[in-house]
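Just below is one structure, and these are the notes that go with it.
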Protein chains: 2
Amino acid sequence: MSGLSVGRQKPTLDTVAAEAGVSRATVSRVINGSPRVSPEVKTAVETAITRLGYVPNRAARSLAMRRTDSIALVMREPDATVLADPYLGNIIIATSQALVGTGVQLVLVNAQNDAEHSRLADYVRSGHVDGVLLASMHDDDPLPRLLLEAGIPTVVGGRPQRHLPGLSYVDVDNVGGAQMATEHLLASGRRRIATIAGPQDMTAGADRLGGYRRALADAGRKADRVAYGDFTRESGEQAMAALLSRHPDLDGVFAANDLMAVGALRALRAAGRTVPDDVAVVGYDDIEMARHTEPPLTTIHQPIIDQARTMTELLLTQIGGDPVGDPVVLPTELVERGSA
Amino acid sequence: MSGLSVGRQKPTLDTVAAEAGVSRATVSRVINGSPRVSPEVKTAVETAITRLGYVPNRAARSLAMRRTDSIALVMREPDATVLADPYLGNIIIATSQALVGTGVQLVLVNAQNDAEHSRLADYVRSGHVDGVLLASMHDDDPLPRLLLEAGIPTVVGGRPQRHLPGLSYVDVDNVGGAQMATEHLLASGRRRIATIAGPQDMTAGADRLGGYRRALADAGRKADRVAYGDFTRESGEQAMAALLSRHPDLDGVFAANDLMAVGALRALRAAGRTVPDDVAVVGYDDIEMARHTEPPLTTIHQPIIDQARTMTELLLTQIGGDPVGDPVVLPTELVERGSA
DNA sequence: TTCGAACGTGAGAGCGCTCTCATGAACGCC
DNA sequence: GGCGTTCATGAGAGCGCTCTCACGTTCGAA
């Protein structure tokens with residue numbers, strides 16, 4: 001594998017064929033594992049391949065097969081804000097891991113702005129990828145529809161604002177998770193439970209508020225202690241302070257993400273409340289930071305790895321020609337730590 | 001752009017040529033911006049292109065040009081451990097951003113284990129990418145040498161353990177950063193400064209310890225308050241506890257990364273020391289969590305975005321045929337927060 | 001006026017692979 | 001023993017693009 005003279009002309013199928021004394025077609029058969037090759041010829045070809053250090057040219061193969069064996073992971077505008085949030089990085093790495101062993105490659109695409117956006121559609125249509133995974137979408141994103149219309153296999157991460165028939169997506173059960181978080185607070189005896197909700201124009205934000213409401217409704221309680229943040233720690237801190245002044249008697253808080261929960265923790269400390277004794281706090285996301293807060297944050301774990309893997313599997317079967325399946329919603333899990 | 005009938009045969013150069021009433025070669029010239037095309041023909045071709053919704057086929061282009069306009073970002077074994085560390089995610093996203101506007105695509109490659117490793121070399125040699133960015137290398141990694149020998153443009157992130165002549169890399173000034181951190185502690189009047197060092201078989205770990213030693217040596221002081229961790233929070237906590245028992249009089253600590261600094265903060269709190277009054281703490285990395293600790297962590301900011309961009313630029317010039325330049329070492333920055 | 005350079009354009013040969021179809025050998029069957 | 005099958009193999013036509021080379025115009029210089 002090593003001693004191949006550098007700068008030597010790269011071997012092609014023809015080179016291998018000549019070396020093995022067979023035709024190009026036969027070498028191709030061996031490479032693609034066709035059964036109709038005699039054992040002797042097969043080994044002859046194989047030794048020729050290793051002797052020459054031959055590696056098939058992917059571009060040529062794609063061209064002939066009309067298939068690229070690679071998929072795109074499209075991220076919408078990952079700016080500094082997103083960098084702070086490890087979600088995207090995790091999705092990327094998890095997707096990449098899900099692809100190990102499939103022989104499919106991952107191409108990362110940045111749909112920076114709208115100009116890039118239409119270029120992206122072109123790019124995808126240029127046949128450089130067999131399908132598309134859409135992560136971190138904006139709500140008004142025209143991309144899913146474009147791709148759908150172009151007949152390109154597509155899977156979206158998270159529930160899109162508007163449902164498009166024929167578009168498959170993998171969401172995490174935000175309603176269920178939020179409900180679970182709130183029920184955990186109820187189960188521990190909390191009765192005056194507030195929530196720090198996320199932006200309501202994001203499905204995750206709206207769904208989590210919905211879960212909080214449902215849990216309280218199921219328990220026959222009013223769900224009227226609500227403040228809104230924008231998923232940043234600072235907003236969580238402010239929202240918590242506002243909640244404390246509006247509802248000084250609250251004894252439990254569900255924050256729609258961990259970063260806001262961290263802010264809430266800080267606001268509670270500043271207000272002289274102890275966690276979890278005076279006020280119990282539950283977050284959402286289970287980011288790394290949640291393990292390291294004081295006290296460690298009880299939170300809802302998102303199955304990001306599962307989500308990425310499911311998305312990948314869905315996409316691959318779609319590429320394989322299977323019909324578009326139903327959307328998948330993955331369950332969440334409560335991680336009990338110290339804060340509730 | 002929208003009304004293209006779905007399922008219609010994808011247009012090729014020939015289709016466009018026929019539509020515009022010119023030859024394939026001319027269309028190719030227009031697409032590639034050749035100056036030797038008359039304005040009338042040019043516009044005729046352009047309208048034909050938009051009318052047909054033509055998009056060049058990348059595989060065919062690669063095949064003809066022997067160039068793919070894409071590069072690989074190779075990650076070594078990003079398992080759960082790495083997921084916790086946002087470094088890799090940031091490198092990925094930053095690289096992807098650095099590529100915006102260059103027309104170059106990013107292919108993410110997972111070199112999971114040694115088996116995958118040799119497949120990776122094949123993959124790269126298959127001409128699917130024009131060059132390779134190596135992130136998160138192991139020290140004994142044979143990959144850089146393999147790629148170098150194969151004549152594939154390669155840029156490594158971080159200083160490799162063994163220097164290979166002709167291999168270009170972009171490192172962050174670990175020695176300088178650690179020195180700066182320690183000097184900051186000295187400047188604030190601390191005199192009995194300890195360090196929680198990282199693994200010494202990683203260049204980042206060794207270099208940061210070196211910086212700590214140099215700063216103290218320059219100040220004419222002994223650098224003998226050293227404990228070792230493995231870059232996890234738990235190890236930082238233990239190391240801090242060990243330091244406190246060995247050197248109860250210490251008044252400053254430099255931790256070789258933020259996660260260990262977070263552990264140190266916790267150990268100090270447990271020991272009843274206040275930060276920064278009793279003991280000042282400086283971390284390294286400036287991860288998101290550093291903003292949210294109590295008190296917020298003073299730390300050394302790593303220019304990850306710059307690093308990714310520099311690596312990308314270096315690689316692109318190398319691909320462009322320029323000679324391999326000298327390694328680049330990027331400066332770090334002290335971020336003063338509350339802990340020191 | 002004539003010649004050569006410059007320029008716009010087309011024809012056609014690849015790039016390295018897959019896949020269909022043809023071919024001829026080997027085989028079982030009546 | 002002749003015939004239809006099966007099977008391994010080869011020839012060759014693409015896949016969609018770029019690029020070299022040749023060709024016919026046009027234009028400025030001699």
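Lettering follows sequence order; numbering is per chain, from 1. Keep in mind it's a predicted model, so treat the numbers as computed, not measured.
The stretch residues 308-324 of chain B participates, sequence neighbours left out, in these side chain to side chain donor-acceptor pair (under 3.5 Å) pairs: B:Ser168-B:Gln318, B:Asp306-B:Arg309.
For the salt bridge (Lys or Arg N to Asp or Glu O under 4.0 Å) test, no residue two or more places apart in sequence or in another chain qualifies with B:Arg61. Legend: residues meeting side chain to side chain contact (heavy atoms under 4.5 Å, CB included) with A:Arg67, ordered by chain and number and at least two apart, are A:Met65, A:Asp69, A:Asp130.
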Nucleotide by nucleotide, 5' to 3', does protein get under 4.0 Å of the base (B), only the sugar-phosphate (S), or neither (-) in nucleotides 17-23 of chain D, counting heavy atoms?
BBBB---
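Separation of atoms CG (A:Leu108) and CG (B:Leu73) is listed at 8.5 Å; rounding is to 0.5 Å. Distance check: A:Leu315 CG to A:Ile152 CD1 gives 11.0 Å after rounding to the nearest 0.5 Å.
The overall bend of the helix from C:dT1-D:dA30 to C:dC30-D:dG1, read as the angle between its terminal helix axes built from five base pairs each, is 40° when rounded to 10 degrees.
As rounded to whole Å, 14 Å separates atom P of D:dG16 from atom CG of B:Leu52. Atom CZ in A:Arg66 sits about 20 Å away from atom P in C:dG16, given to the nearest Å. The interatomic distance linking B:Leu63 (CG) with D:dC15 (C1') rounds to 9 Å, in whole Å.
Using modelled atom types, one side-chain atom of A:Gln307 and one backbone atom of A:Val170 make a donor-acceptor pair closer than 3.5 Å.
Here D:dA8 is the nucleotide among C:dT9, D:dC15, D:dA8 with the atom lying nearest to any side-chain atom of A:Ser38.
A:Ile91 places none of its side-chain heavy atoms less than 4.5 Å from the side chain of A:Leu133.
Note on B:Thr26: a side-chain N or O is less than 4.0 Å away from OP1 or OP2 of C:dG10.
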Would you mind writing out the side-chain donor-acceptor pairs for residues 35-46 of chain B within the sub-3.5 Å range, not counting sequence neighbours?
unit_1, atom_1, unit_2, atom_2, d
B:Thr43, OG1, B:Pro39, O, 3.4
B:Thr43, OG1, B:Glu40, O, 2.8

